[in-house]
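Each chain gets a letter, A, B and so on, in the order the sequences are listed, and its residues count up from 1.
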There are 2 protein chains.
Amino acid sequence: MSARTSSDPARDIPEATVARLPVYLRALTTLVDAGTSTCSSEELAQAAGVNSAKLRKDLSYLGSYGTRGVGYDVEYLRYQIAREIGVTQDWPVVIVGIGNLGHALANYSGFRSRGFRVVALLDADPRRHQEAVAGVVVRPFADLERIVEEQDVAIGVIATPAVASQDVADRMVAAGITSILNFAPSVLAVPDGVDVRKVDLSIELQILAYHEQRKSSAAEVIA
Amino acid sequence: MSARTSSDPARDIPEATVARLPVYLRALTTLVDAGTSTCSSEELAQAAGVNSAKLRKDLSYLGSYGTRGVGYDVEYLRYQIAREIGVTQDWPVVIVGIGNLGHALANYSGFRSRGFRVVALLDADPRRHQEAVAGVVVRPFADLERIVEEQDVAIGVIATPAVASQDVADRMVAAGITSILNFAPSVLAVPDGVDVRKVDLSIELQILAYHEQRKSSAAEVIA
DNA sequence: TAGATTGTTAATCGATTAACAATC
DNA sequence: TAGATTGTTAATCGATTAACAATC
């Protein structure tokens, strides 16, 4: 047995596993809400939409939180995963670009319940200022630096048009933000040490279209 | 040299490559708009945010569309990729759930320009009916089956709360939809042959939080 | 103890990358 | 031809999966 513990900073978790931890966390929360106290890897895997071998392998990177012959304590495992991800603490977030999408994001209730707190909504258009969305007032983009510093913001969300996204990212990085979630259909250039994740509706649809097209072709071959 | 051609239905493209083709398509469109007629794999790779070896490997699955010593004809390669993905044709799409996010999706202009056409907006709440979003009237969810059949819809977008998403997916599948883009924070169960892709804001944020947390820990170790 | 289920091993599979022969 | 750049090979890397020993 290794001396690996939860506070061991050297251990690193494969990226594919990291991407699934939030899925497990959500499944566990659903189980807790349903009053379940214990579950097997098979049950949790099903709830998360993966196979149980993968689930157990993933969990093994965190430690040994199950009991052989019994399964996992749902509440305990949920806490361990939440701690591992880092959502036992609260992450202040700024959203830039309060158009349709920005409104939707600001109103998203899943934010607060999952360890994130929208501390500011920023927009370059003065006509949007003073408007309140989900109880937060929209302020000028120029306020970015001050807000990031005062509130110690590490995560920024870009919901602007593509043309503005690189400028917004540059300003975010200069202000001290080191993690960016980009909803604009653009490829952002950022320095090393800054993480960018991208959500792109039209890319997802195009991936579906590719497979859809092949389904149709296959049907034609049969017909 | 193999007899592999663009109409060869047997050849299959790795999933990781499929997911990048839309990124290349967008980069090529940007280059076309900028008046560029030719580009090297290095230039295109940079515009797409990948390395050139990966780009060339990806393109090699489609065929040989470049010229050694010269590069790629931007317009020609763009067409070939668009055809491969299937976005030279028009894909009718229905969106179910016209809340904040549904509004944002319905208003998204990138839809139309990338081969997708929103043919219907559906919502279970009668108070939302008759409202027009981006020129399309919101109709009852009960109209789903008729619309899918009449308009030959293959792709459905779910923007409802999580609790409703499985029911919506079931109805979509029963109506004949075979590709679903799910924005609800839920794991959908669908039959074989139906593709589901998932976009989940809070999962993306949690992945960023995980890495952000490790950055902070690393800083503490140094301090 | 007997049955159940975890945590880990090892094999397989798929994706990435560097290097370079082919060739414009 | 000489220089440039593709398309492909082969090595490496990372992810998935089945199987099962460990152990509750």
Inset, instruction - Spell out, as yes or no, whether a donor-acceptor pair under 3.5 Å connects the side chain of A:Glu75 to the backbone of A:Val32. - result: no
Inset, instruction - Could you tell me the separation between the CG atom of A:Asn51 and the C1' atom of C:dT12, rounded to a whole number of Å? - result: 14 Å
Legend entry - Between C1' of D:dT12 and NZ of B:Lys57, the distance in whole Å: 13 Å
Is any side-chain N or O of [X] closer than 4.0 Å to OP1 or OP2 of [N]?
X       : N      : result
B:Ser41 : D:dT6  : yes
B:Tyr72 : D:dG7  : yes
A:Arg20 : D:dT16 : yes

Legend entry - Given A:Val74, A:Val70, A:Asp73, the one that forms side chain to side chain contact (heavy atoms under 4.5 Å, CB included) with A:Cys39: A:Val74
Inset, instruction - With heavy atoms under 4.0 Å as the rule, sort A:Glu15 into base, sugar-phosphate or nothing. - result: sugar-phosphate
Inset, instruction - Classify the nucleic acid contact of B:Ala16 as base, sugar-phosphate or nothing, counting any heavy atom under 4.0 Å across all strands shown. - result: sugar-phosphate
Inset, instruction - Look through every strand shown and name the nucleotide pairing with C:dT16 as Watson-Crick or G-U wobble, where both distances are under 3.5 Å. - result: D:dA11
Inset, instruction - Would you mind telling me which of D:dA18, C:dG7, D:dT6 lies closest to the side-chain atoms of A:Ser64? - result: C:dG7
Legend entry - Within-4.5 Å side-chain heavy-atom neighbours: B:Met172 and B:Val153: no
Inset, instruction - Tell whether A:Arg68 reaches the base of C:dT5 with its side chain through a donor-acceptor pair below 3.5 angstrom. - result: no
